[in-house]
Amino acid sequence: FFVSDIIEPVFEKNKTQAKLISREKALKELKYANLVIGAGHDVIQALSMGIPSIILGDSGLGGRVTLQNYQLQKENGFKGRLGGYHDEYIPHDLLYYQIKSTLDADDSNEVELLKEAVLADYSLPKFKKILLQRIQKIIEVDKALKDRNLFPKLKPKLIQRIQFQTIDNIPYIILGNGEGFEIEQSF
């Protein structure tokens with residue numbers, strides 16, 4: 001199917017145009033957008049500029065970003081449907097509905113609150129703080145790996161995050177995995 005066949009009537013009704021843009025031109029073009037359909041950093045950029053966004057990514061259709069689902073979508077990397085899988089099928093009617101309802105919504109207050117949340121979550125001071133914390137953990141693990149006295153304090157760690165969340169009366173199970181080391185105490 002062609003996306004334009006599905007969404008063209010919605011954009012015509014709202015007197016707007018759909019425009020596919022490259023990543024290189026995205027930042028320039030975003031200031032003219034009244035809706036962004038994308039994933040990851042594209043959604044973060046759009047929300048930080050106060051532009052309503054629909055997540056459509058590797059894990060399917062995540063839908064419109066709202067105050068209710070923002071935190072979960074952020075933890076999911078704005079990459080698609082919560083609990084979705086790579087290259088999952090997206091029903092045309094569902095995409096059409098998401099676009100239509102987002103364009104028809106009068107949610108300027110919510111969009112502004114989302115903008116504030118994104119700017120707070122992705123601010124430079126917060127990024128620096130998180131980066132410094134991660135660097136400190138790496139240094140501590142490195143010291144422990146090199147020191148026979150500290151080595152016993154290293155514990156292998158399988159990071160599992162399981163969350164049960166209900167959004168719009170639909171239950172979701174959100175899983176995350178990773179491997180690494182954890183140190184019993186700071187040195």
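Quick caveat: nothing in here was measured; it's all calculated off a predicted structure.
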Remaining members of hydrophobic cluster (4.5 Å side-chain criterion), Leu113: Val43, Ile44, Leu47, Ile55, Val65, Leu67, Tyr70, Phe78, Leu114, Val118, Tyr122

Over all heavy atoms of both residues, which pair between Ser48 and Leu119 is shortest? Give the atoms and the distance, please. CB-CD2, 3.9 Å

Nearest atoms (heavy-atom pairs only) where Gly84 meets Glu88: CA-OE1, 3.4 Å

Could you check whether any side-chain heavy atom of Lys115 comes within less than 4.5 Å of a side-chain heavy atom of Glu112, counting everything from C-beta outward? yes

Please tell me whether Met49 and Val111 are part of a single hydrophobic cluster in this structure, the criterion being side-chain heavy atoms less than 4.5 Å apart. no

Between Asp104 and Lys100, is the salt bridge (charged side-chain N to carboxylate O under 4.0 Å, His left out) condition met? List the steps. CA-CA 6 Å; Asp104 290 346; Lys100 183 177 180 338; 2.8 Å; yes

Can you confirm whether His86 sits close enough to Lys79 that some side-chain heavy atom of one is under 4.5 Å from a side-chain heavy atom of the other? no

Apart from Tyr89 itself, what residues make up its hydrophobic cluster, given side-chain heavy atom links below 4.5 Å? none

Of all heavy-atom pairs between Gly50 and Pro52, which one has the smallest distance, and what is that distance? O-CD, 3.8 Å

Tell me every residue that passes side chain to side chain donor-acceptor pair (under 3.5 Å) with Lys146, counting only those two or more places apart in sequence or in another chain. Asp142

Are the side chain of Asn69 and the backbone of Arg64 linked by a donor-acceptor contact shorter than 3.5 Å? yes

With clusters defined by side-chain heavy atoms of hydrophobic residues (ILVMFWY) lying less than 4.5 Å apart, directly or transitively, does Ile135 cluster with Leu124? yes

Do Ile99 and Leu94 share a hydrophobic cluster (ILVMFWY, side-chain heavy atoms under 4.5 Å, transitive)? yes

Gln45 vs Asp42 side-chain heavy atoms within contact, under 4.5 Å: yes

Would you give the length of the straight line joining atom CD of Gln71 to atom CD of Glu75, rounded to the nearest 0.5 angstrom? 5.0 Å

Leu61 side, atom CG; Arg81 side, atom CZ - distance, nearest 0.5 Å: 9.5 Å

Could you tell me if the side chain of Gln133 sits less than 4.5 Å from the side chain of Lys137, heavy atoms only? no

At what distance, to the nearest 0.5 angstrom, does CG of Leu56 lie from CG of Leu95? 6.0 Å

Where the side chain of Ser53 meets the backbone of Ile51, is there a donor-acceptor pair that is under 3.5 Å apart? yes

